[in-house]
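Structure first, commentary second.
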Amino acid sequence: MSLKSISPQAASELMNQGAVLVDIRAADEHARERIAAARHVSMDRLQSGGMPLDDASTVIFHCRSGNRTRVNASALRACVACDAYVLEGGLDAWKKAGLPVVADASQPLELQRQVQIAAGSLIVLGAVLGATVSPWFHALSGFAGAGLVFAGVSGFCGLARVLMRMPWNRNALAG
C-alpha cells in the first residue's frame, strides 16, 4: 500500500486534529529550516527502526521538495501502522502556501550544498587557471570531477568528510 499525497493546507488541518508531521531530512537540513510542529526523524533512523511512530493515529511525512518522500514511500509506509501521507511538494510547498516555518540562518548550509559549491568551485578554478596560467591546472578540474563520480558510485564522499570537520560545521552536525 502506497502513501497518499496531501496538500499543505489539508496537512495543517490534520495536524490541528492530532496528526504527527515527520521531517525525514538530514539533521543539517532540519536545523537550518523546518516546520515548527514537525518531529525530526531522518530517513536513515526510520529505516533502522530508530523511532516508533506507534503513538500516532495519522502520520504525514515530508522532506524539502517531496521527492525523497515519494522515492521512499514504501519504506515510510512500513514504519507506521496508521493512516500515512506524503506532504505534497514538501517544505517548499508548505512555505509557498504561506504556512509558518522556523528558519535559522546562523546554521551552516546543508552539507550536500557545501559539497556542490566546493566541487563546482574547484572545477571552475581548474578550468580558468588551466586556460590562463598553465594547462596543468586542468588536472584540478579532472580531480574534482573524478571525486564526484567516485562519490556517486561508491556512496563515499571524501569532500563531505573534510567539510564536516570545518569549524562552521562542527557544532551544527554534532547536535
Query raised in the report: Going from CG on L163 to CG on L109, what distance comes out if it is rounded to the nearest 0.5 angstrom?
Result: 11.0 Å

Query raised in the report: Is the backbone of G66 close enough, under 3.5 Å, to the side chain of R70 for a donor and an acceptor to pair up by distance?
Result: yes

Report summary line: Between the CE atom in M15 and the CD atom in E13, the distance rounded to the nearest 0.5 Å is 11.5 Å

Query raised in the report: Below 4.5 Å, heavy atoms only, C-beta onward: do I60 and V86 meet side chain to side chain?
Result: no

**Report entry** Heavy-atom side-chain proximity of I24 to C63 below 4.5 angstrom
**Finding:** yes

Query raised in the report: Has the side chain of S42 got a donor or acceptor atom that lies under 3.5 Å from a matching backbone atom of R45?
Result: yes

Query raised in the report: Looking only at heavy atoms, what is the nearest atom pair of A31 and Q107, with distance?
Result: O-CG, 3.4 Å

Query raised in the report: Do the side chains of L91 and H62 get nearer than 4.5 Å, heavy atoms only?
Result: yes

Requested in this report: Report whether V59 and L14 are members of the same hydrophobic cluster (ILVMFWY, side-chain heavy atoms less than 4.5 Å apart, transitive linking).
Outcome: no

Query raised in the report: Does a donor on one side chain sit under 3.5 Å from an acceptor on the other, for Q112 and D28?
Result: no

Report task. Can you measure from CZ (F150) to CZ (F156) and round to the nearest 0.5 angstrom? Result -> 7.0 Å

Query raised in the report: If you look at every heavy atom in A144 and L122, which pair is closest and at what distance?
Result: CB-CB, 3.9 Å

Query raised in the report: Does Y85 reach the side chain of L3, with side-chain heavy atoms less than 4.5 Å apart?
Result: no

Query raised in the report: Are L99 and L87 co-members of a hydrophobic cluster defined by side-chain heavy atoms under 4.5 Å apart?
Result: yes

Report task. Compute whether any side-chain donor of one residue and acceptor of the other, for W168 and Q114, lie under 3.5 angstrom apart. Result -> yes

Query raised in the report: Quick check: does any side chain N or O of S141 sit under 3.5 Å from a backbone N or O of I123, one acting as donor and the other as acceptor?
Result: yes

Query raised in the report: Between R68 and E29, does at least one N-O distance fall below 4.0 Å, as a salt bridge requires?
Result: yes

Requested in this report: Flag yes if V20 and L76 sit in one hydrophobic cluster, no otherwise; membership is Ile, Leu, Val, Met, Phe, Trp, Tyr, and two members link when side-chain heavy atoms are under 4.5 Å apart.
Outcome: yes

Query - Same cluster (ILVMFWY, side-chain, under 4.5 Å), V80 and L21 - result: no

Report task. Taking S12 for its side chain and P8 for its backbone only, find out whether a donor-acceptor pair lies under 3.5 Å. Result -> no

Query raised in the report: Going by distance alone, is a donor N or O of one side chain under 3.5 Å from an acceptor N or O of the other, for D23 and H30?
Result: yes

Report task. Examine distances only and state if a side-chain atom of H40 and a backbone atom of R25 form a donor-acceptor pair shorter than 3.5 Å. Result -> yes

Report task. Please report the closest heavy-atom contact between C82 and S57, naming both atoms and the distance. Result -> CB-O, 3.1 Å

Query raised in the report: How many angstroms lie between CG in L159 and CG in L111, if you round to the nearest 0.5 Å?
Result: 8.5 Å

Query raised in the report: So, W94 side chain and I35 main chain: donor-acceptor pair closer than 3.5 Å or not?
Result: no

Query raised in the report: So, D104 and R32, do they make that salt bridge, N to O below 4.0 Å?
Result: no

Query - Verdict with reasoning, L129 to W136, per side chain to side chain contact (heavy atoms under 4.5 Å, CB included) - result: CA-CA 9 Å; L129 291 175; W136 286 102; over 6 Å; no

**Report entry** Electrostatic pair R64:E110 at N-O distance under 4.0 angstrom
**Finding:** no

Report summary line: Closest non-hydrogen contact found for C157 with V115 is SG-CG1, 4.0 Å

Query raised in the report: Between the side chains of S5 and E88, does any donor sit under 3.5 Å from an acceptor?
Result: yes

